[in-house]
Undergrad: 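Before anything else, here's the structure in question.
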Amino acid sequence: MKNLIQVKKLTHIYSDNNYGIKDITFSVQSGEFIILAGKNGSGKTTLLRHLNGLLSATSGEILISNNPIEKNIVEIKKKIGMVFQDADSQIVGETVFDEVAFGPENLKWERKLINKKVESTLKLLGLTQLADRNPATLSGGEKRKLAIAGVLVMEPDVILFDEPFSNLDYPAASNLLSLITKLNKNGITIIIATHDIEKVIAKATRMIIMDDGHIKQDGVPDQLIKITEQYGIREPCSSKLNLGIINWAN
Ligand SMILES: Nc1ncnc2c1ncn2[C@@H]1O[C@H](COP(=O)(O)OP(=O)(O)O)[C@@H](O)[C@H]1O
Ligand SMILES: [Mg+2]
């Protein structure tokens with residue numbers, strides 16, 4: 001395991017003097033599966049947007065593989081992919097295939113390589129049959145997979161997910177969790193921001209709890225599960241009933 005991301009005393013103040021995050025310090029090792037938990041407004045999205053270079057810090061710093069993030073922002077965006085909360089806002093292509101090809105085209109990869117990588121990525125995610133479909137016609141679960149494909153095609157080291165389970169029904173959520181788990185097993189570091197930990201907690205190796213822009217807890221999910229409600233995060237039902245943690249993956 002190596003230090004992939006180091007965040008040091010990171011603070012973000014929005015233009016209207018609103019604090020997004022305050023004095024955040026933590027690091028991420030390669031291969032981790034982290035839940036970034038917190039109620040609405042706790043600072044999760046602001047932190048994720050810093051980790052892939054979409055926002056720059058008011059103070060503090062982020063090192064990616066020991067280099068300051070702002071030194072190499074293009075490279076960082078390839079290494080650290082982000083799946084946004086609103087899958088529709090991320091879609092730009094006219095077909096599923098074009099959508100996945102978009103990132104590599106921007107990076108000016110060779111056409112042959114693009115086609116090969118797009119095909120293998122669609123296959124891995126079970127989207128091959130949908131290659132010619134207009135993304136607007138996909139289901140919620142398919143759209144989220146498409147957003148993941150658009151990130152995965154660039155071979156990232158880390159994928160950041162912002163509320164990936166929102167608006168997904170039970171089969172789509174359990175399917176998505178299985179996919180995310182598979183990506184983690186293949187060596188991709190995972191960080192999932194969510195206010196609803198129940199669906200993902202069984203698979204996470206670490207949970208970071210945010211509240212009011214601060215990191216309040218950082219530890220093993222098993223040990224934090226009973227105290228989440230202090231921070232406005234619902235304790236999973238199975239845990240409340242002392243039945244432990246139930247796995248949502250299929
Ligand atoms: N664009 C923005 N302008 C001003 N304040 C913002 C903006 N985005 C988020 N905030 C504020 O920053 C804080 C953290 O928000 P956010 O990172 O979106 O939290 P979360 O993702 O946990 O719901 C909140 O107080 C929110 O109101
Ligand atoms: Mg958010």
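In this chain, residues are counted from 1 in sequence order. When a ligand or atom number is given, it counts from 1 through the structure's own listing order. Given the structure is predicted, the values throughout are model-derived calculations rather than measurements.
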Undergrad: Regarding K226 and E235, does a basic nitrogen lie under 4.0 Å from an acidic carboxylate oxygen?
TA: yes
Undergrad: State, with a plain yes or no, whether a side-chain heavy atom of I209 is found less than 4.5 Å away from one of I215.
TA: no
Undergrad: For the residue pair M210 and K216, establish whether any side-chain heavy-atom pair is separated by less than 4.5 Å.
TA: no
Undergrad: May I ask you to decide whether E229 forms a salt bridge with K240, counting only side-chain N to carboxylate O separations under 4.0 Å?
TA: yes
Undergrad: Near the Mg ion (ligand 2), is there an N/O/S atom from N40 that is less than 2.8 Å away?
TA: no
Undergrad: Taking NZ, NE, NH1 and NH2 as the nitrogens, is one of them in E155 or K78 under 4.0 Å from a carboxylate oxygen of the other?
TA: no
Undergrad: May I ask you to decide whether D162 forms a salt bridge with R49, counting only side-chain N to carboxylate O separations under 4.0 Å?
TA: no
Undergrad: Residue by residue, ordered by chain and number, which ones reach under 4.0 Å of ligand 1 with a heavy atom?
TA: Y14, D16, N18, Y19, G20, K39, N40, G41, S42, G43, K44, T45, T46
